[in-house]
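First the structure, in the form of structure tokens, and then the observations on it.
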Amino acid sequence: MIINNTLNTAQIQAIKYTTGPCLVIAGAGSGKTRVITHKIAYLIEQGFSAKNIAAITFTNKAANEMQERLSKLINKNDLKQLTVCTFHALGLKILRQEAEYIGFKPNFSIFSSEDVYSVLQEILSTTDKSLIKSIAHCIGNYKNNLYTPDMALNNAHSDIEIQACKIYPIYLQTLKAYQAVDFDDLIKLPCELLNNNNQLQIKWQNKLRYILVDEYQDTNLCQYNLLKLLVGNPLEKMPLFTAVGDDDQAIYGWRGASSDNLKKLSQDFKALQVIKLEQNYRSSNNILKAANTLIKNNTKIFDKQLWSEHGSGDEVCVYAMNDEEHEAEGIIFRISAHRFERKTAWEDYAILYRSNYQSRVLEQILRRENISYTLSGGQSFFEKAEIKDICAYLRLIYNTNDDPAFIRAATTPKKGIGSTTLTKLGEFAGTRKASLFDACFMSMLEDVINSQNLFSLRDFVSFINDLSDKAKTEPADILLKELMNYMCYESYLYDTFDEKTARNKWENVTEFILWLKSKGTNSTKLEQDISFENQDNLGNKSKNLIELTQMIALMTILQGKDKQNSGIQLSTLHAAKGLEFSHVFLMGIEEGILPFDNGEKQSDIEEERRLMYVGVTRAKKSLHLSWCKQRKKGGQKTSIDPSRFLSEMNMNPLEKEKINPKVYLDMMKEMLL
DNA sequence: GAAAATAGCTTTTTT
DNA sequence: AGCTATTTTC
């Protein structure tokens, strides 16, 4: 029996309601992941087949975590059959299977934002970075709001929007020609597909009979649309799903998420059962009181009041510091002293801030004091140039129409193919509506490109062609070896970078190749999910290069590479969502930083308040808030006001800092020696 | 005139 | 820390 007395009444209610649409308003620290995982186990217990249940998350990290926790509740076989993935991975799965219905080959490529950027650069033939970015942003909006080019034009206001509308259809054509989709397409295209093809819609509805959505407040219009298409029309049948979310933690409005989707849910599904989880298992009550008082200032969709059985705990404190350096030293001093006093570990402390650059001062001082720390966020493994270089080859082998991959692979490392050759090739291919790759095989090309460059070009494409053929049958590790042999990537690195960077980059590459090879031999659940065939292969059949390449596009977290969470945790407020720490220091609680103020356009104060709320509710045992009276701006010091959120929380922002942190930091060091 | 150094400035981030 | 604009240097 999966339901036991460690669950509270509301949680049990949320788990047991399986006969209709369900919305769980899950306050911070109220055990929301627990409810989702237990509900899945309960559904299986009640006779749902695991292969008909899907749990949808927003990040790969969350999906992995969910699987991890499920592995303790349900048996291996069921876990294997479950769909636990991100919205995008689900969309991809649908698209790979149904590609033919929208005029794509199943081996279409997935373009990253960088690829999208270069495509737009090409279309617009400009180098104006901000223009390209704004257009990309507009097009992303159109897709997320399911605008057709015509609808977009009707809603266009500024010059940039009008220009974006003109580009939009061209952009769509270009991607089609490349046999590529962008990230937004992974949701948008399945929506269009299921909307236009009733049979397919029924097919997928039958496959995914029960859907659970995590972080529902972060869905955008398009994602909500996909959900609706998958659960079916409430007038025809009883939709079966559970959406779990918290309107107070909606902090991604700026990228299209709309917590209004919570409201829409009760309008669109009259039978919706709303269950609130208000008991908090994380924080002591002083922290919760601060959080509740703060968030009361927002207009709410669902009212809720967090409480816990953990007693009142430590007082929440505020420190007014002189400037950013004083603040950083003050925080680090306090952590040192606190740790010494309470015999806690560095890992128990987190310093959270609004913007990445605020970590700089902290890092300087932490390095100076030799205190270990972990900076969350930063560049992901797959964003590194050296990994993208390798991926460009893999992508090209996989889909030879992928022009951005062609350009990257043809030019890195240098192999006698330069910008002149590429421009000529581009023009040649453009007039013949062929991909760069196919154009290389055309005989007319001899009139356009001089023989030496043409030789390099044909040498390159024949190699890719050869590998592309072999990739269908031969095992991945042999082909990878051949590829690396051809690329001479190591010597390229040592030729172009200084020794230290080259060594570092080469290490990343070897790590990547090793990882790829390991994926080639043991396939895990996630990959089977992403892979569009062989759902039911049980053996350890090693993956060929084609299959491997498919999954790379969506993998952003290197699974084997657990980042060590040692030392003080430094993180932005956004990146800290979903995490918890014993002792939390929120810095820069100032007007201009939190709430953020960009001078020009008014930022959404309610969203900023929710961001503060997210920060406050990360703390389990103690919470420390700090702000600077002065900050360096353009060479001179400017005076700063404490954040309005401090007074909203009934905190006195002017509590005096009586000690000089620097002196005490030195004293602590002596004590510890 | 081009490369190198330096000063100034950052919203938030995932797929 | 990384990116850009500007200044300095050869």
Side-chain angles (χ1 to χ4, degrees), chain A residues 56-63 85-93 95 109-116 127-130 133 136-137 140 143-144 181-190 214-215 218-220 222-223 226 249-257 324 352-364 366-367 375-385 501 526 530 551-557 570-578 588 590 592-605 607-612 614-615 631-636 638:
Chain A
I56 314 294
T57 62
F58 272 85
T59 63
N60 286 318
K61 192 179 159 210
C85 66
T86 61
F87 262 107
H88 292 84
L90 176 68
L92 177 63
K93 194 169 156 177
L95 284 185
S109 297
I110 301 165
F111 278 9
S112 68
S113 356
E114 210 181 63
D115 299 318
V116 169
T127 47
D128 185 341
K129 221 175 156 179
S130 70
K133 277 190 178 161
H137 180 246
K143 292 195 173 184
N144 288 332
V181 302
D182 62 25
F183 282 130
D184 299 321
D185 283 336
L186 293 176
I187 320 286
K188 190 203 99 172
L189 293 176
D214 191 19
E215 305 283 11
D218 289 340
T219 50
N220 62 32
C222 193
Q223 286 155 344
L226 183 60
Q249 290 186 76
I251 53 173
Y252 287 108
W254 52 274
R255 66 175 194 207
E324 46 264 72
L352 309 181
Y353 36 83
R354 175 66 226 257
S355 311
N356 277 313
Y357 71 92
Q358 292 175 269
S359 68
R360 207 185 137 210
V361 211
L362 291 168
E363 282 185 89
Q364 268 170 10
L366 286 165
R367 263 201 293 259
L375 190 78
S376 91
Q379 204 184 26
S380 90
F381 194 74
F382 285 87
E383 279 167 64
K384 293 180 197 292
T501 1
L526 184 69
I530 290 171
M551 59 179 235
I552 294 170
L554 270 200
M555 302 288 297
T556 50
I557 287 164
L570 307 187
S571 169
T572 61
L573 287 164
H574 282 92
K577 189 175 153 199
E590 298 150 31
I593 294 185
L594 186 66
F596 180 80
D597 178 21
N598 194 11
E600 16 181 281
K601 61 169 188 274
Q602 191 74 38
S603 55
D604 181 349
I605 289 293
E607 181 149 316
E608 298 293 308
R609 192 176 281 114
R610 290 192 291 267
L611 199 49
M612 175 87 191
V614 166
R631 227 168 241 280
K632 275 191 217 92
K633 252 184 195 168
Q636 73 226 23
T638 337

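This is a predicted model, so every value here is computed, not measured. Below, chains carry the letters A, B, ... as their sequence lines are ordered, and counting in each starts from 1.
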## Note on the structure
A/Gln249 CD to B/dT13 P, in whole Å, measures 16 Å
### Message
Run the side chain to side chain contact (heavy atoms under 4.5 Å, CB included) test against A/Ser359 and tell me which residues pass, sequence neighbours left out.
### Response
A/Tyr353, A/Glu363, A/Leu375
## Note on the structure
When rounded to whole Å, the CG to P distance for the pair A/Leu189 and B/dT15 reads 19 Å
### Message
Using whole Å, what does the distance between atom C1' of nucleotide B/dT10 and atom NZ of A/Lys633 come to?
### Response
12 Å
### Query
Which is true for A/Phe58 with a 4.0 Å heavy-atom rule: it touches a base, it touches only sugar-phosphate, or it touches nothing?
sugar-phosphate
### Query
A/Tyr252 has an atom OH; how far is it from atom P of B/dT14, in whole Å?
6 Å
### Task
May I have the distance from A/Phe596 (atom CZ) to B/dT10 (atom P), rounded to whole angstrom?
8 Å
## Note on the structure
To the nearest angstrom, the CD-P distance between A/Glu114 and C/dC3 comes to 11 Å
### Message
Less than 4.5 Å apart, side chain to side chain, heavy atoms only: is that true for A/Tyr252 and A/Glu215?
### Response
no
### Task
Check whether any side-chain nitrogen or oxygen of A/Asn356 sits under 4.0 Å from OP1 or OP2 of B/dT10, and answer yes or no.
no
### Task
Establish, with yes or no, whether the OP1 or OP2 oxygen of B/dT13 is under 4.0 angstrom from a side-chain nitrogen or oxygen of A/Lys577.
no
### Any residue meeting ring pair (Phe, Tyr, Trp, His ring centres under 6.0 Å) with A/Phe58, in chain and number order, not counting sequence neighbours
A/Phe87
### Task
Classify the nucleic acid contact of A/Ser113 as base, sugar-phosphate or nothing, counting any heavy atom under 4.0 Å across all strands shown.
base
### Message
When you measure from the side chain of A/Ser355 to the backbone of A/Gln358, do you find a donor-acceptor pair of N or O atoms at a distance under 3.5 Å?
### Response
no
### Query
Within this structure, what is the CD1-to-P distance between A/Ile251 and B/dT12, rounded to whole angstrom?
12 Å
### Query
Base, sugar-phosphate, or nothing for A/Lys632, non-hydrogen atoms under 4.0 angstrom?
nothing
### Message
Taking side chain to side chain contact (heavy atoms under 4.5 Å, CB included) as the definition, give me every residue that meets it alongside A/Lys133, ordered by chain and number, with sequence neighbours left out.
### Response
A/Tyr117, A/Lys129
### Task
Please list, chain by chain and in numerical order, all residues satisfying salt bridge (charged side-chain N to carboxylate O under 4.0 Å, His left out) with A/Lys143, sequence neighbours excluded.
A/Asp182, A/Asp185
### Task
State which of B/dT12, B/dT15, B/dT13 makes the closest approach to the side chain of A/Phe183.
B/dT15
### Task
Taking A/Gln249 for its side chain and A/Val614 for its backbone only, find out whether a donor-acceptor pair lies under 3.5 Å.
no
### Summary
salt bridge (charged side-chain N to carboxylate O under 4.0 Å, His left out) filter on A/Glu324, not counting sequence neighbours, yields none
### Message
Quick check on DNA chain B: between A/Thr572 and A/Arg360, whose nearest nucleotide comes earlier from the 5' end?
### Response
A/Arg360
### Task
Please work out if A/Arg367 contacts a base, only the sugar-phosphate, or nothing of the nucleic acid, heavy-atom cut-off 4.0 Å.
sugar-phosphate
### Task
Please report, rounded to the nearest Å, how far the C1' atom of B/dC9 is from the CZ atom of A/Arg631.
14 Å
### Nucleotide pairing, DNA chain B (Watson-Crick or G-U, distances under 3.5 Å), in dot-bracket with [ ] and |
||||||||||.....
### Task
From the options B/dT12, B/dT14, B/dT15, select the nucleotide whose nearest atom is closest to the side chain of A/His88.
B/dT15
### Task
Looking only at side-chain atoms of A/Tyr357, point me to the closest of C/dA1, C/dT4, B/dT15.
C/dA1
